[in-house]
Amino acid sequence: MAELARVVVEIALNREFDYIIPETLKDMIAVGSQVVVPFGKSEVRGFVVALPEQSARSDLREIVRMVGKKPLISEGVMELARWIAEYYAAPVETAVRTVLPSSVRQKNARFKEQLFVIPMDSASDAEAVEKLRARSPRQAAVLDILLSGEAMFLSHLAKSAGTTTDAVRGLEKKGFVKISREAMARDPLAGQTVLRTQHQTLMPQQEDAFKLIRQSIDTLAPPVVLLYGVTGSGKTEVYLQAIDYARKQGKGAIILVPEISLTPQTVERFQSRFGDDIAVLHSHLSGGERHDEWHRLHSGKARIAIGARSALFAPIENLGLIVVDEEHENSYKQGEAPRYHARDVAVMRGHMEKCAVVLGTATPSLESWHNTQSGKYALARMPHRVDHRKMPHVRVIDMRQEAAKTGRVQMFSEDLVEAVRSRLARSEQVILFLNRRGHSTSLVCPKCGYVATCSACSVPLTYHKVTEELRCHICGAIEPVPKRCPNEDCRDPAFRYAGIGTQKVELAVAKLFPKAVIQRMDADVTTKKDAYTRILGDFRIGKTDILIGTQMIAKGLHFPNVTLVGVIAADIALHMPDFRAGERTFQLLTQVAGRAGRGDVSGEVIVQTFTPFHPSIQAASRIDFEGFADQELEFRKELFYPPYSHLVCITVRGRVEEQVKFSIDAFAKELFPMLGEKVVKGDPAPAPLARTCGQYRWQIMLRAASTRAVTGPLRALLDKFRWPKEVHCTVDVDAISLM
Ligand code: ADP
Ligand code: ZN
């Protein structure tokens, strides 16, 4: 029986403290238990991270009490949290926070124990309801709302009907409803009917993939399968059957999808197969809903979790399978400490808990692809679309020639306009894609070349037509549009709107096709919770002819009636100061192209570009991932970039540039001698985004064959290095964004 517990406390400290376990708690406390401990003069909450044999200190105090009975974090997930902290050089406490949603962690998180109202049989008796309507219209109104599925809880229901709870109690007396005290899990899909779907008979390529995954679930050889299947090849059906297989062995499963494709459409596909056995962990859910879904898993009532990044830490025992869909997605990387990559941590959780891991994608990350080449992961290929539907035909349009034809830069090529026209005439749907929101990127003076730039962030401001303002997409600053060029020596009134954004495309398309119904979808329109669902819903049922959007519409969506996808400016992602720009462009174009021709009519993709011969654009136009990968890997190998090395990016920021520069230099001077010969050390330099939110940013880039060669010494130095008060240092291991 353990005597001591090592505890991480709820206030951000990168330290663990030992406590004595009081007699009364001895057989209850386990790794993962939430406890209250004395801390200085007060009491704080914390988590038990280990049960050590002995402590380095002798003046230990006792744990005050335990919160809840069953540990909130399993030993396995706790071990994973510690691994994350170590690998990503982050405080243990932030890792513990990461594995447990705040809605579960917080003190006042409780099941919604309220009175809830259930309609009885007579509520569907039309005659009785009509009588009620004549005699007590208020009670009838309550019944209407209840039956529409909008409200179930007594207080909420009464409020929605604009009446008091007495009216509801009146209904109960008349036998129309029953008021019950039972705790009920809030169902995020309440009011929606989900039809159960059956297994499809797998096609041969799916059968092969399924067999490999089954083998992995049974024997862990191979431990990880990369499922590389073109868009529409039936990957989701393979996931569904693999999960079903794991469930039949009594094992649980996790499906990770990128936040961006965690649409009701995706969730429904899983829900319709697994019903209540699946819990959804979604950032759009309210804290209460998340809390309930999490506890359905924790109690074992549901054994499958689906969600974005953090669903990886779902409390599921005896895991059989983790699926990471769209494994190449950068949103799997968390932007704050611990800066973990959910795909890589999924592989780690699989390894620790002895469960199979499937990474699925149409455009594998070069990291995962490289791992199949080196034999670390097994590869399952699905090169054909279901029913052997053709891959879309991709046409690359050289916009330089278009400009030469008319004497000025065009937004739409003649070919694209013609193609849209023909689809509209046939009542087919069109997606126009632009990797940028807003109206135009930047405001450029045609005379002196002045670019309106955020004074705090050193990035161009974005012009938003509807609100007539300039916005910074980094810090969110809003500025009015200047009447004249702000350059003192120029003051030209003809400030030109250069570049294009989704709003501008929308206006131009509306002009060209006045009869078409057009919808725009980007981060600006979808800040409201339901906008995303509504816009996609309208598009799916054919209300909308043309959907214009950013990468939000690039992925995962399945619209059989879309026969044309136009990419307005394929170059945008190409000109970023990042060695992954080519890979990103390739992925984006391939994913967008995958939206075309998913029904009976084959699709066409028109890619407009100013650099038609760039290798990424060429490879994308042939939908040739392997050709692209061969070429790109050669370049990465030569320059010792990932996947041939691990990249650690250290960023230091502060308001006073001299101070930032001085401290990062001092840090480098101590760090570099601690690192081995084989670590490639980049000298401190201003970050590509040299200023954000009024802070100067400097970076050090380190590359090494093994992460530990860097993080070991780095953590040791971080523990003792004293940064000036106003200077902050962040560490990004396996950095994805180099801005
Ligand atoms: P992916 O996830 O690879 O993009 P999906 O799983 O979405 O592909 O499959 C595309 C379409 O084909 C879906 O409508 C799906 O229901 C259908 N489908 C998948 N597998 C089969 C199958 N074996 N038989 C018939 N239809 C299938
Ligand atoms: Zn800014």
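Both ligands and their constituent atoms are indexed starting at 1 by order of listing.
When each of Lys333, Arg343, Lys235 is checked for a salt bridge (Lys or Arg N to Asp or Glu O under 4.0 Å) with Glu327, only Arg343 meets the rule.
Defined by atom type and a distance below 3.5 Å, a donor-acceptor pair is present between the side-chain atoms of His646 and Asp734. Counted by atom type alone, Ser413 and Gln608 present one or more donor-acceptor pairs between their side chains at under 3.5 Å. At a cut-off of 3.5 Å, with distance as the only test, a side-chain donor of Gln591 or Thr363 sits close to an acceptor on the other residue.
At a 4.0 Å heavy-atom cut-off, ligand 1 does not touch Met382 at all. Contacts with ligand 1 closer than 4.0 Å are made by side-chain heavy atoms of Gln200 only, the backbone lying farther away. Counting heavy atoms closer than 4.0 Å to ligand 1, residue Thr201 contributes backbone atoms (N, CA, C, O) but none from C-beta onward. Of all the heavy atoms of Arg269, the ones lying under 4.0 Å from any atom of ligand 1 belong exclusively to the side chain.
Proximity of the aromatic rings of Tyr88 and His341 is defined here by a centroid distance below 6.0 angstrom, and this criterion is not met.
Checked by distance only, ligand 1 and Thr231 stay at 3.5 Å or farther apart across all their nitrogen or oxygen atoms. Checked against a 3.5 angstrom limit, the closest N/O atoms of Val386 and ligand 1 fall outside it.
Ion pairing of Asp244 with Arg273 is absent here, as no side-chain N (NZ or NE/NH1/NH2) approaches a carboxylate O to less than 4.0 Å.
Within ligand 1, counting atoms from 1 as listed, the ones closer than 4.0 Å to a heavy atom of Leu202 are 23 (N).
Not a single heavy atom of Gly229 sits less than 4.0 Å from an atom of ligand 1.
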